[in-house]
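Data block below; observations after.
Sequence lines set the chain letters: A, B, ... in the order given, protein chains first and strands last, and positions in each chain run from 1. Everything numeric in this text was worked out from a predicted model, so none of it was measured. Reckoned from all heavy atoms, side chains included, excluding hydrogens, waters and symmetry mates.
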Amino acid sequence: MEGFEVSKSENGDVSILYIKGYLDAHTAPDLESEFQKLADAKKYNILVNFQDLSYISSAGLGVFMGFIEDIRKNGGDIKLTDMKPKIFRVFDLLGFPTLYDILDEEAKALEKFGES
Amino acid sequence: MPKILKEYQLKIPSQSDNLSIIRDVVSKVARRIGFNTDEASKIELAVDEACTNVIKHAYANNSNQMIEVSIKVDRKKLIIIVADKGKGFNPDEIKLPDLNESIKEGRKGGLGLCLIKTLMDKVEFEIKPGLKNKVKMIKYFS
């Protein structure tokens, strides 16, 4: 079964989501609900670590599109890290790197959250 | 018309949990006929996007409907046709949405067909709403 899992941790005022498995139209609502929980709790500094993500379709990218404006309006950001080349390619093909902060590793994203 | 060397057909309920099955079949066929892992992953994603559009838009999440995926292989190329009998769309209106605008309006769709066009070598549409809509995707052997 090609499942999808999200686990969470906190680092100061940054919420980190570790996403694992296959993010498609079937599993995107699971990620959406995690974002919604963070937004409801007014946690607007969000880091998503893609290290264990094996697959993403545009339905997965849609989740990031749906939340980013609201998060930024509230002074936060969604930063994306540790993508495999195959995953980055999908973001790149659709022009996401100009609008989203996509970083090699979690530590760099945490550093950038610290600067803002 | 070149001789078809191999042919596979998949008829599957229009449900998002079946996307992983469709991807498995497409990716296995693509690799078996000689595409490398990278090319196979592009083909797999294009077919996922076409089927997701059928599930969400053509059949508006009505899981009683069926998606047909037909895979044909000839000497030069792989042809995949995703067909449905649902609501059609106007292929001329497909363009990459302005991401800035989409984000401001909280819109999160419209990316699938653009991805398909980028990932495959050739894409053709045959739209007959309610009768048969087909998205034909071609990848040539390099």
Under a 4.5 Å cut-off applied to non-hydrogen side-chain atoms, are [X] and [Y] in contact?
X        : Y         : result
Asp48(B) : Tyr22(A)  : no
Leu45(B) : Arg89(A)  : no
Leu94(A) : Thr118(B) : no

Should [X] and [Y] be counted in the same cluster of Ile, Leu, Val, Met, Phe, Trp and Tyr side chains packed under 4.5 Å apart?
X         : Y         : value
Tyr140(B) : Ile79(B)  : yes
Phe88(A)  : Ile56(A)  : yes
Ile81(B)  : Val25(B)  : no
Leu17(A)  : Phe50(A)  : yes
Met66(B)  : Ile127(B) : no

Discussion item. Can you tell me if Lys86(A) has over 12 outside heavy atoms packed within less than 6.0 Å of its NZ?
Written reply: yes
More than 12 heavy atoms from other groups under 6.0 Å of CZ on Arg72(A): yes
Okay, Gln15(B) and chain A: the region with an atom under 4.5 Å from a heavy atom over there is neither
When the 4.5 angstrom heavy-atom criterion is applied to Lys42(B) and chain A, the contacting part is both
Of Asn18(B), Thr52(B), Asp17(B), Ile55(B), the one forming a side chain to side chain contact (heavy atoms under 4.5 Å, CB included) with His26(A) is Asp17(B)
To the nearest 0.5 Å, atom OH of Tyr55(A) lies from atom CZ of Arg23(B) at 4.5 Å
To the nearest 0.5 Å, atom OG of Ser58(A) lies from atom CG of Asn53(B) at 7.0 Å
Honestly, the part of Phe67(A) sitting under 4.5 Å from a heavy atom of chain B is neither
When every non-hydrogen atom of Ala25(A) is compared with those of Ser16(B), the smallest separation belongs to C-CB, 4.2 Å
